[in-house]
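Notes follow the structure.
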2 protein chains.
Amino acid sequence: MSIGEAARASGVSEKMIRHYEAIGLLRPARQENGYRSYAAQDLAVLRFIRHARDLAFPLEDIRRLLALWRDRDRASAEVRRLALSHVAALEAKAQALQAMATSLKHLAAHCHGDDRPDCPILDELEGKHP
Amino acid sequence: MSIGEAARASGVSEKMIRHYEAIGLLRPARQENGYRSYAAQDLAVLRFIRHARDLAFPLEDIRRLLALWRDRDRASAEVRRLALSHVAALEAKAQALQAMATSLKHLAAHCHGDDRPDCPILDELEGKHP
DNA sequence: TGTGGGGCTTCCCATTATGGGAGGGTCAAG
DNA sequence: CTTGACCCTCCCATAATGGGAAGCCCCACA
């Protein structure tokens, strides 16, 4: 299976497939002409990566997850620990973003939003009312 | 005021102050010896930038906000529009992250997290139950 | 048999915001 | 005159992704 087919079958772009190979997540065989050749197992890895990326796991985490996945004797505790630590990171970031959104929404609520120039948003950014 | 003092006074690192200058957010005067010299207005700009960055405004937005800030005749509506569009982006990202966290938490809840190797988290990433 | 085109290869560059570090100049205090 | 604290510029790195160029491979079609 060529890289183009693998891309369509896995939902991972060709660019990214090559990149994942470059950083060692994947080692597809090569044909005589130098073209990459993807077997079923390679495709499974690509799908695994895509699902993990859909959950925003960083590639370094994915590298560890792949190692655990390949190791049939791993303790599920280790996977769980990795996942929960990622959950904590996701929630921390989500809450930080939501907090900023809420702050800014409050500021915008006090802004006339008309032709007049006075604007509490700019005032706040300026630090007028610290 | 030197860049070091400006950094301490504004809470923006020297590296970033130079960077903001490089991308044209700031034009500090220079002393005879080539050192940057920050006036009160420059400091105000740095503080403005920092506050905007604390709300995760991208630098391109900050460029526009600074222009609006400098323009005493701007319509507050424009500021408000920019702010609300940023709020939307923040909330979208926050919700996306939170959704991922929730999904992953559910998966982790079904994982024993002990010495046994079977793990619903890896099963899901693998796409065992699509 | 030649050519067109689609797919593949590698390599370089850009993105966003931030920082590390090298190599070297400036200046005041000791 | 040296030392040390600043400052300067320039290069590199991060994380993940994509754009694009230059060139090879191969098949189909005229």
Side-chain angles (χ1 to χ4, degrees), chain A residues 1-39 42 45-46 48-66 85-86 89-90 92-93 96-97 100, chain B residues 1-39 42-43 45-46 48-66 86 89-90 92-93 96-97 100:
Chain A
M1 179 177 250
S2 74
I3 193 173
E5 293 168 309
R8 284 186 290 275
S10 67
V12 179
S13 73
E14 297 186 20
K15 280 282 192 192
M16 281 302 101
I17 295 179
R18 293 196 192 92
H19 180 61
Y20 297 155
E21 176 182 349
I23 65 173
L25 300 187
L26 198 62
R27 295 213 165 278
R30 295 280 180 147
Q31 288 173 291
E32 302 238 324
N33 60 13
Y35 286 16
R36 291 170 178 83
S37 176
Y38 296 85
D42 297 317
V45 168
L46 288 174
F48 185 101
I49 294 175
R50 185 171 68 80
H51 291 144
R53 287 296 301 146
D54 286 346
L55 291 172
F57 275 103
L59 292 178
E60 280 315 304
D61 282 16
I62 294 178
R63 185 193 303 281
R64 289 182 207 112
L65 287 171
L66 279 172
S85 128
H86 183 50
L90 286 173
K93 191 168 283 185
L97 292 178
M100 295 179 212
Chain B
M1 180 177 250
S2 74
I3 194 174
E5 293 169 310
R8 284 185 290 276
S10 66
V12 179
S13 73
E14 298 186 20
K15 279 280 190 193
M16 281 304 100
I17 294 179
R18 293 195 192 95
H19 180 61
Y20 296 154
E21 176 182 349
I23 65 174
L25 300 186
L26 200 61
R27 296 215 165 274
R30 295 278 181 148
Q31 289 173 287
E32 302 238 324
N33 59 14
Y35 286 17
R36 290 169 178 83
S37 177
Y38 296 85
D42 297 317
L43 208 50
V45 168
L46 288 175
F48 185 101
I49 295 174
R50 186 171 68 78
H51 291 145
R53 286 297 299 145
D54 285 348
L55 291 172
F57 275 104
L59 292 179
E60 281 315 302
D61 282 15
I62 295 178
R63 185 192 305 281
R64 290 182 208 114
L65 287 170
L66 280 171
H86 182 51
L90 287 173
K93 191 169 282 186
L97 292 178
M100 296 179 209

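So that the names make sense, note that chain A is the first sequence line, chain B the second, and so on, each numbered from 1. Below, all heavy atoms of this structure are taken into account, side chains as well, without hydrogens, waters or symmetry copies.
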note = Distance col, row Arg50(A):CZ vs Ser13(A):OG, nearest 0.5 angstrom, shows 12.0 Å
remark   = Atom CD1 of Ile17(B) and atom C1' of dC6(D) are separated, to the nearest Å, by 14 Å
ask   = To the nearest angstrom, how far is Gln31(A) atom CD from dG7(C) atom P?
value = 15 Å
task = Output yes when at least one side-chain N/O atom of Ser2(A) is less than 4.0 Å from OP1 or OP2 of dC8(C), else no.
result = yes
request  = Please say whether more than 12 non-hydrogen atoms of neighbouring residues, nucleotides or ligands are located less than 6.0 Å from CZ in Arg27(A).
outcome  = no
task = Round to the nearest Å and state the distance from Glu14(A) atom CD to dG18(D) atom C1'.
result = 12 Å
Length of the CD1-C1' vector between Ile62(A) and dT17(D), whole Å = 13 Å
task = Classify the nucleic acid contact of Glu60(A) as base, sugar-phosphate or nothing, counting any heavy atom under 4.0 Å across all strands shown.
result = nothing
ask   = If only side-chain N and O atoms of Arg36(B) are considered, is one of them under 4.0 Å from the OP1 or OP2 phosphate oxygen of dC7(D)?
value = no
ask   = For His19(A) and dT14(D), what is the distance between atoms NE2 and P respectively, to the nearest whole Å?
value = 11 Å
message = For dG18(D) and Ser13(A) - does any side-chain N or O of the residue sit under 4.0 Å from the phosphate oxygens OP1/OP2?
response = yes
Asp42(B), Leu43(B), Ile49(B), Val45(B) screened by side chain to side chain contact (heavy atoms under 4.5 Å, CB included) with Ser10(B), the one that passes = Leu43(B)
query = For the pair made of CZ in Arg8(B) and P in dC7(D), what is the distance, rounded to whole Å?
reply = 7 Å
task = Using a 4.0 Å heavy-atom cut-off across all strands, classify Arg18(B) as base, sugar-phosphate, or nothing.
result = base
note = Of dA16(D), dA17(C), dT26(C), the nucleotide closest to the side chain of Tyr35(B) is dT26(C)
inquiry  = Is the phosphate of dC27(C) approached by Asn33(B) (side-chain N or O, under 4.0 Å from OP1 or OP2)?
reply    = yes
inquiry  = With a 4.0 Å cutoff (strictly under), does any side-chain N or O of Arg30(B) reach OP1 or OP2 of dT26(C)?
reply    = no
query = What integer distance in Å separates Tyr20(B):OH from dT16(C):C1'?
reply = 11 Å
query = Closest to the Ile3(A) side chain: dT17(D), dA17(C), dC8(C)?
reply = dC8(C)
message = So Arg53(B), base contact, sugar-phosphate only, or nothing? Heavy-atom distance under 4.0 Å.
response = sugar-phosphate
key: Interatomic distance where OH belongs to Tyr38(A) and P belongs to dG7(C) [whole Å]   = 16 Å
query = Which residue lies toward the 5' end of DNA chain C, Phe57(B) or Lys15(B), if each is placed at its nearest nucleotide?
reply = Phe57(B)
key: Presence of salt bridge, Glu60(A) and Arg64(A), under 4.0 angstrom   = no
ask   = Taking His86(B) for the side chain and Pro58(B) for the main chain, is one N or O donor matched with an acceptor at less than 3.5 Å?
value = no
